[in-house]
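Below you'll find the structure, written out as structure tokens, and then a few comments.
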Amino acid sequence: MSRYNFRETETKWQRVWRERQLFAVAAEPGRPKYYVLEMFPYPSGKLHVGHVRNYTMGDLVARYRRARGFNVLHPMGWDAFGLPAENAAIAENVHPAIWTAQNIATMRAQLERMGFAYDWSREIATCHPEYYRHEQKMFLDFLVAGLAYRKESWVNWDPVENTVLANEQVIDGRGWRSGAIVERRLLSQWFLRITAFTDELLGAISRLDRWPERVRLMQENWIGRSEGARVFFDTAGPLPDPPPLAGEGRVGAIEVFTTRQDTLFGASFVALSPNHPLAQRLAENDAGLADFIAECNRMGTSEAVIETAEKRGYKTGLEAVHPFDPNRRVPVYVANFVLMEYGTGAIFGCPAHDQRDLEFARKYELPVIPVVLPPGADPAHFTIDETAFVEDGTLFNSAFLDGLTVAEAKRAAGERLEALGRGERTVAYRLRDWGVSRQRYWGCPIPVIHCPQCGIVPVPESDLPVKLPEDISFAVPGNPLAHHPTWKRVACPLCHAPAERETDTFDTFFESSWYFLRFCSARDERAFSRDAVDYWMPVDQYIGGVEHAVLHLLYSRFFTRALKQCGYLDLDEPFAGLFTQGMVCHQTYRSENGEWLFPEEVERTDDGRLVGPDSRPVIVGRTEKMSKSKKNVVGLDAIVDTYGADTARFYLLSDSPPERDLEWTETGIEGIWRYVNRLWRMVSEPLLPLPPPGTAVPGGLPAEIADLRRATHRAIAAVSDDLDKFRFNRAVARIRELSNAIEELPAQSFAATPAALAVLREALETLTRLLGPMMPHLAEEMWQMLGGAGLLAERPWPVADPEWAREEQVTIAVQVNGKLRGTLECPRDTASGAVESAALQLPQVSRWLDGRPPRKVIIVPNRIVSIVA
RNA sequence: GCGGGCGUGGCGGAAUUGGCAGACGCACUGGAUUUAGGUUCCAGCGAUGUAAGUCGUGGGGGUUCAAAUCCCCCCGCCCGCACCA
């Protein structure tokens with residue numbers, strides 16, 4: 001029995017597609033377009049099978065939409081700036097540009113071997129000046145539009161490496177390489193005013209109806225709108241001199257944001273963020289407070305760390321006057337769980353009705369005053385022990401608020417604050433402006449110049465791009481741009497005095513916030529051609545990992561609006577449809593001494609044990625997302641070498657639903673390989689002689705042959721529907737059902753009749769065409785063997801004949817008292833009365849009815865008869 | 001801590017969205033072919049029971065003629081949290 005030679009076949013068809021430039025497209029105004037985009041990869045090295053799952057899905061969509069008649073744009077490029085290139089530069093002494101270029105070459109070759117239908121003429125790499133020059137211009141435009149500005153912000157600082165650390169580089173409060181305790185530092189940085197679009201970004205989410213619900217929810221929560229009030233607490237006690245600032249000009253007052261102004265009468269403390277100006281001012285004369293703040297700053301900047309740390313505070317000695325009762329005073333603390341970035345950087349604590357406040361109050365023995373009474377509770381005896389009461393109830397212990405519900409009390413308290421001039425109702429957002437400065441080399445230089453006389457001066461447009469210098473060294477800790485001997489020294493464009501370039505580079509999310517626009521006209525002199533963007537945008541189907549559900553997608557939505565405001569385009573939402581695919585997982589293996597092992601290092605012995613390289617036992621760990629660090633990766637090259645691209649592609653589409661994680665197994669890929677060969681033999685070694693292409697299927701088919709024809713047309717309908725709805729695993733199952741049905745035919749006695757053979761040809765051609773977007777090389781080969789005209793990649797998608805796609809005979813379930821007692825075969829749409837009497841006559845049914853007439857019969861047409869005895 | 005998601009045979013999953021639970025596949029078992037292994041073909045494959053049947057979708061409760069699907073409570077696992085991309 002022969003085997004499919006995928007090596008020869010796959011390279012052959014890839015050459016044909018390439019020579020004919022099948023996937024290079026141009027805008028054709030008037031013709032319907034479809035823009036399919038997979039999130040472009042970071043060129044980190046080599047691809048493993050986990051990387052190509054979303055490209056396989058994107059390619060399926062691209063080929064399918066193309067067959068459905070769309071002008072399909074399906075580009076690919078490289079998100080080429082980033083930290084790993086610098087890490088490699090330090091670890092392997094290779095220049096980031098070279099490391100990146102090598103990785104791009106390797107990964108492009110890998111993608112080409114997979115046979116993906118990309119328009120490679122639009123390939124971009126974001127590290128090229130031809131790409132990043134345009135975002136430097138955009139930044140200058142943002143600056144003019146007031147969408148970019150400079151302010152101080154906190155970073156993780158590694159005092160040994162002299163560098164800023166990403167949160168992921170901070171492990172248990174220490175720098176990942178140096179092991180030094182990480183500090184928080186205030187640095188002057190560039191920000192983009194994403195908050196200028198908060199309401200729009202939030203409001204438009206509801207119109208993104210082709211986005212996954214969970215991503216929309218995550219974006220909503222990220223923006224985090226909360227209604228509440230700002231409240232001023234006047235301070236009493238020794239104020240520092242000069243007194244600290246307070247918003248709205250109330251000198252000496254602490255401005256607090258709360259969503260629970262209804263619980264003000266339960267306040268027992270006010271707490272400031274360690275970075276609050278007042279806390280900073282007080283620390284100048286309080287060494288203990290300064291120490292406490294320093295300690296808080298060692299905690300790192302990540303919200304997860306801050307929120308899970310033990311609640312701690314420092315009593316400042318200051319007191320805050322209750323806004324509703326000048327005779328009540330509460331102590332002012334500095335507390336480690338108050339975030340400067342949210343609200344006003346200060347809170348009031350109501351321990352009875354907030355869990356964090358309660359923990360804090362118990363620790364520092366502060367009063368716990370309940371002011372909201374749960375429904376039905378007795379006000380005389382209601383107390384709080386270890387759990388704060390956060391639900392709705394009736395206000396008590398609260399003067400003029402007594403008897404109100406929480407919602408009513410929020411309104412009443414807000415109105416009273418406004419009347420007293422001690423606060424006002426307001427809306428706070430969790431969303432903060434986007435800090436884009438990075439103290440790194442491998443990124444796009446920020447095009448500004450610092451002049452001692454003129455201050456911050458934008459680089460004139462005629463001087464763009466500001467290119468990265470190539471001769472840099474990572475030998476000295478810190479940013480190579482900052483200690484480059486000459487690069488930063490320039491003349492001020494305004495006064496021509498000696499000045500310095502900004503040495504920070506952009507966050508790499510900057511590049512990925514507009515690359516989808518660049519793809520529309522990738523070689524244009526401008527960032528993009530307006531005509532091209534008007535034709536191709538928005539992206540019809542965007543595909544990528546859920547890990548980008550918030551930041552990348554939100555930044556891109558913001559960027560598109562910012563560009564619109566600056567007159568670049570007329571578009572709000574860049575991605576009309578979004579799909580987030582699951583990860584590819586694999587078992588993990590460890591040796592006895594705990595070292596991770598690659599899957600290819602593990603073998604199964606004859607008695608079924610798993611052993612490592614030295615025949616030592618292997619410990620099988622859990623199945624986890626493929627990652628280099630745990631070595632549970634399966635290299636793409638090895639799989640393509642052994643089984644071919646189509647087998648890998650089909651495996652990545654079968655079994656698991658695309659949005660869920662997929663487990664990669666050896667037995668699984670072998671199963672697909674067997675199926676690939678089965679398909680190939682069905683066409684290359686047909687068991688029955690096929691009639692020539694174009695042979696018409698005669699009318700009046702015998703029932704057995706009609707069954708195969710029905711299966712064929714049902715498969716077209718079902719697969720099309722599944723592909724439309726991203727149910728690729730189901731589409732695979734439907735295709736397998738069709739191939740099973742085809743294989744049953746030759747064994748039948750009627751199989752050699754002309755009618756049967758014509759139906760068989762139709763079935764085989766249909767199978768081939770349905771396989772086209774999934775296994776394009778094999779399908780192209782099958783198409784050729786079947787004598788089909790032209791290239792399969794250029795054929796339109798098959799159309800199901802509704803007459804044949806409909807089931808003629810249905811099986812109806814018969815239940816008695818909710819339990820299945822039998823089934824009924826009858827023609828589709830048989831009248832209810834006939835179905836009922838047939839059901840009642842079933843012997844299994846009469847047995848359970850025991851001679852009594854049924855009390856009730858429910859009939860769902862073509863589906864079920866439910867009899868209540 | 002906050003937010004999001006998931007849970008169905010030995011395994012991945014399917015179930016027309018409230019209507020025959022387990023489609024399709026992997027693994028496994030028996031048989032045929034083969035010098036052997038692999039391949040291929042046939043049959044079986046949720047648990048329990050000789051059978052009729054009974055039980056069964058993480059656990060418990062509820063709504064309904066009918067629940068994997070809807071409601072309430074609980075358990076477990078995974079992901080994100082602003083300088084990784």
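Phosphate proximity of A85(B) to T508(A): present, with a side-chain N or O under 4.0 Å from OP1 or OP2. Contact annotation: N729(A) does not reach the phosphate of A23(B) (side-chain N/O to OP1 or OP2, under 4.0 Å). At least one side-chain nitrogen or oxygen of R438(A) sits closer than 4.0 Å to the OP1 or OP2 atom of C83(B). Proximity of R660(A) to the phosphate of G7(B): a side-chain N or O atom is located under 4.0 Å from OP1 or OP2. For A14(B), the OP1/OP2 oxygens have no side-chain nitrogen or oxygen of R736(A) closer than 4.0 Å. Between R727(A) and U17(B) there is no side-chain N or O to OP1 or OP2 distance below 4.0 Å. Between R674(A) and U39(B) there is a side-chain polar atom (N or O) within less than 4.0 angstrom of OP1 or OP2. Between K725(A) and U17(B) there is no side-chain N or O to OP1 or OP2 distance below 4.0 Å.
Taking a cutoff of 4.0 Å between a charged side-chain nitrogen and a carboxylate oxygen, R216(A) and E213(A) qualify as a salt bridge.
Partner assigned to A68(B) is none, using Watson-Crick or G-U wobble distances below 3.5 angstrom. If you check C6(B) for Watson-Crick or wobble pairing at under 3.5 angstrom, you find it paired to G76(B). G46(B) and C55(B) make up a base pair, with Watson-Crick or G-U wobble contacts both under 3.5 Å. Of the nucleotides present, none pairs with U39(B) by Watson-Crick or G-U wobble criteria with both distances under 3.5 Å. The base-pairing partner of U17(B), taking Watson-Crick or G-U wobble contacts with both distances under 3.5 Å, does not exist among the strands shown. Under the Watson-Crick and G-U wobble criteria, each requiring two contacts below 3.5 Å, nucleotide A23(B) is left unpaired. The pairing partner recorded for G1(B) is C81(B), the criterion being a Watson-Crick or G-U wobble arrangement whose two distances lie under 3.5 angstrom.
Checking W190(A) against E502(A) by side-chain atom types alone, a donor-acceptor pair falls below 3.5 Å. Remark: the S556(A) side chain and the Y542(A) side chain contain no N/O donor-acceptor pair separated by less than 3.5 Å. A donor-acceptor contact under 3.5 angstrom links the side chains of T811(A) and E825(A), judged on distance only.
If you check every strand for non-hydrogen atoms under 4.0 Å, V860(A) touches a base.
Geometric assessment of K151(A) against the ring of F191(A) yields a positive cation-pi assignment under the 6.0 Å and 45° thresholds.
A distance of about 15 Å separates the C1' atoms of G61(B) and C75(B), rounded to the whole Å. If you take atom P in G18(B) and the same atom in C70(B), they sit 8 Å apart, rounded to whole Å. To the nearest whole angstrom, the two C1' atoms, one in G9(B) and one in U48(B), are 14 Å apart. For the C1' atoms, the distance from C45(B) to C26(B) is 13 Å, rounded to whole Å. Comparing the P positions of C28(B) and C73(B) gives an interatomic distance of 44 Å, to the nearest angstrom. Using C1' as the reference atom, C41(B) and G19(B) are 38 Å apart when rounded to the nearest Å.
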Quiz: residues 732-739 of chain A side-chain donor-acceptor pairs under 3.5 angstrom, not counting sequence neighbours:
unit_1: R734(A); atom_1: NE; unit_2: E737(A); atom_2: OE1; d: 3.0
unit_1: S739(A); atom_1: OG; unit_2: Y675(A); atom_2: OH; d: 2.8
unit_1: S739(A); atom_1: OG; unit_2: I735(A); atom_2: O; d: 3.2
unit_1: S739(A); atom_1: OG; unit_2: R736(A); atom_2: O; d: 3.0

